[in-house]
**Q** 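Mind having a look at this structure? Questions to follow.
Only this structure's heavy atoms are used, side chains among them; waters, hydrogens and symmetry mates stay out. In what follows, every chain begins at residue 1, and chains take the letters A, B, ... in the order their sequences are listed. Keep in mind that this is a model prediction, so the values were computed, not measured.
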There are 2 protein chains.
Amino acid sequence: MSPTHTGGTAGATAVPADLDPCGREDHPDCGIRDVLDRIGDKWSVLVIVELAGGPRRFRELQRAIDGISQRMLTLTVRRLERDGLVLRTVYPTVPARVDYRLTGTGAGLTHLVKALAEWSLTHRAAIAEARSRYDRAHPGHDIR
Amino acid sequence: MSPTHTGGTAGATAVPADLDPCGREDHPDCGIRDVLDRIGDKWSVLVIVELAGGPRRFRELQRAIDGISQRMLTLTVRRLERDGLVLRTVYPTVPARVDYRLTGTGAGLTHLVKALAEWSLTHRAAIAEARSRYDRAHPGHDIR
DNA sequence: CCGTATCCGACATGATACTG
DNA sequence: CAGTATCATGTCGGATACGG
């Protein structure tokens, strides 16, 4: 395929209205960023997935999520709590016992996360192949 | 009783753990990370959303996505290309003309992104409120 | 127009030690 | 057990300048 065509560009030119929550693109922050930042960070999704299996204590989470440091687990779980996605409960026993569970809002997110996870699995092979193909075609040119 | 609890908008709804795409929870890295890293980074989603409206040239993307630097647009679009989510076409004109469009795989991701965007919009208010409530209840204690 | 190449600061994350 | 505090560091992303 040698695309020599400089004529009219094919396809629609407008962003579908249902995908443009900002109204205008010159307004970068429109709410979706907040959620995406949470979804995107290294550990939140793993915490959500783990909590989807039911309430967990701090140490249970840490053991379940391989590689997470105490500090990052604390931060992650605090941010999720702050956003109202996770409910933190402290039992005044000795030693203290704390458990975490998804709120209704958080549980709703799990459906999306689940869809994302399924999509990932479905396309994992294709993506891996695309990557190696790209790397083969562009030697020495590292992106990542 | 009266366990001290903070945060959370509604009562927790336990979700059955059919979410584990890895088979085992002690093995959290199973491909979903790759996709999440792409979803999670600052610009990929915005590029995908923009391309959902049809093919775009480099400058069009940059103008549409407010705040993105040339460097980051290049990197973002290259990574998406490498993953086989975006197709890059170079027309040998002078000056060069390049356009980007979603591949079939990339278009599939659009649906998920769209779902995520809708979820964000729906819960934006609740999240914002949860945050300010948290911040009110925990003064001086910043998480972000 | 469409990039690439550098430099650099800010922030996220990790390691470690300490507390209630 | 469930954190907090502190320090070190690696990466991300922005600004800028240059090149095809």
**Q** Describe, in one word, how the ring planes of His141(A) and Tyr134(A) are oriented to each other, choosing from parallel (under 30°), tilted (30 to 60°) and perpendicular (over 60°).
**A**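 Answer is perpendicular, since the angle exceeds 60°.
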
**Q** Should the pair Trp119(A) and His123(A) be assigned to parallel (<30°), tilted (30 to 60°) or perpendicular (>60°) ring geometry?
**A**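 Rings of Trp119(A) and His123(A): parallel, as their planes differ by under 30°.
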
**Q** To the nearest Å, give me how far apart CG (Leu73(B)) and P (dA15(D)) are.
**A**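 Going from CG in Leu73(B) over to P in dA15(D) covers 14 Å.
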
**Q** Rounded to the nearest 0.5 Å, what's the gap from CG on Leu61(A) to CZ on Arg63(A)? Could you check?
**A**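 Leu61(A) CG to Arg63(A) CZ: 10.0 Å, rounded to 0.5 Å.
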
**Q** Decide if atom NE2 of His111(B) counts as having more than 12 heavy atoms of other residues, nucleotides or ligands within a radius under 6.0 Å.
**A**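 At most 12 heavy atoms, drawn from other residues, nucleotides or ligands, come within 6.0 Å of this atom.
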
**Q** Give the rounded distance in Å between these two atoms: CZ of Arg56(A) and P of dC1(D).
**A**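 Distance, rounded to whole Å: 16 Å.
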
**Q** With distance as the sole test, does Ser44(A) use its side chain to make a donor-acceptor pair with the main-chain N or O of Gly40(A) at under 3.5 Å?
**A**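 No.
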
**Q** Salt-bridged, Asp99(A) to Arg56(A), with N to O below 4.0 Å?
**A**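 The answer is no: the pair does not qualify as a salt bridge.
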
**Q** Would you work out how much the helix from dG3(C)-dC18(D) to dG20(C)-dC1(D) bends between its ends, with each end axis defined by five base pairs, to 10 degrees?
**A**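 Computed from the C1' atoms at both ends, the axes differ by 30°.
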
**Q** With Asp135(B), which residues qualify under salt bridge (charged side-chain N to carboxylate O under 4.0 Å, His left out), at least two apart?
**A**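 Arg82(A), Arg144(B).
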
**Q** I'd like to check Val49(A) versus Thr110(A) (side-chain heavy atoms, cut-off strictly below 4.5 Å). Are they in contact?
**A**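 Heavy-atom side-chain distance check fails, nothing below 4.5 Å.
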
**Q** Reading nucleotides 1-16 of chain C 5' to 3', which nucleotides get B (base under 4.0 Å from a protein heavy atom), which S (sugar-phosphate only), which -?
**A** SBBB-B------BBB-

